[in-house]
Peer 1: 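Handing you this structure, nothing more for now.
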Amino acid sequence: MMKLEKIMDSVSSFFEKHVRPVHRITSVSEKDEYWEVGLEVIEEKEYMKRYGRDQLIGEYIAKLDDDLDVTSFERMALRQRTSVKREDEEGR
């Protein structure tokens, strides 16, 4: 298996176990001392469906070490699934 596939599998497995299932991986990049992965996760799916609202997508950044273990993650933004732009991009 290629290294990128292993990285994506590792992140997906970690999020499935500890956060929420990964909806989509949006980026993988190699930094000096770690790998950085951008991903989207569907947040509050059942709650939003119950109230007839659009699903919320959490945009995360995860960092992996050389052993491809997730060492940190952070939610960078939260947006409605149908929104075209994130709120912080509108002013650009």
Peer 1: Show me the side-chain donor-acceptor pairs of residues 64-75 shorter than 3.5 Å, one per line, residues at least two apart or across chains.
Peer 2:
unit_1	atom_1	unit_2	atom_2	d
Asp65	OD1	Asp67	N	3.0
Asp65	OD1	Leu68	N	3.1
Asp65	OD1	Asp69	N	3.0
Thr71	OG1	Lys63	O	3.2
Arg75	NH1	Glu43	OE2	3.4

Peer 1: Enumerate donor-acceptor pairs with a distance under 3.5 Å from any side-chain N or O in residues 31-40 to protein atoms, sequence neighbours excluded.
Peer 2:
unit_1	atom_1	unit_2	atom_2	d
Glu40	OE1	Arg24	NE	3.0
Glu40	OE1	Arg24	NH2	2.7
Glu40	OE2	Arg79	NH2	2.8

Peer 1: Under 4.5 Å between side-chain heavy atoms, hopping through other hydrophobics if needed: is there a path connecting Val11 to Ile42?
Peer 2: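 No; Ile42 is not reachable from Val11 via cluster members.
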Peer 1: From Glu16 CD over to Asp9 CG, what is the distance, rounded to the nearest 0.5 angstrom?
Peer 2: 12.0 Å
Peer 1: Considering non-hydrogen atoms only, spot the tightest contact between Ser12 and Ile25 and give its length.
Peer 2: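 What the structure gives for the nearest pair is OG-CD1, 4.0 Å.
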Peer 1: Would you check if Ile57 and Leu78 make a side-chain contact, meaning some heavy-atom pair closer than 4.5 Å?
Peer 2: no
Peer 1: Please answer: with hydrophobic residues joined when any side-chain heavy atoms are less than 4.5 Å apart, are Leu56 and Tyr60 in the same cluster?
Peer 2: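 They do not share one cluster, since no chain of ILVMFWY contacts under 4.5 Å joins Leu56 to Tyr60.
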Peer 1: Going hydrophobic residue to hydrophobic residue with side-chain gaps under 4.5 angstrom, can you get from Phe14 over to Ile61?
Peer 2: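 Not linked; separate clusters.
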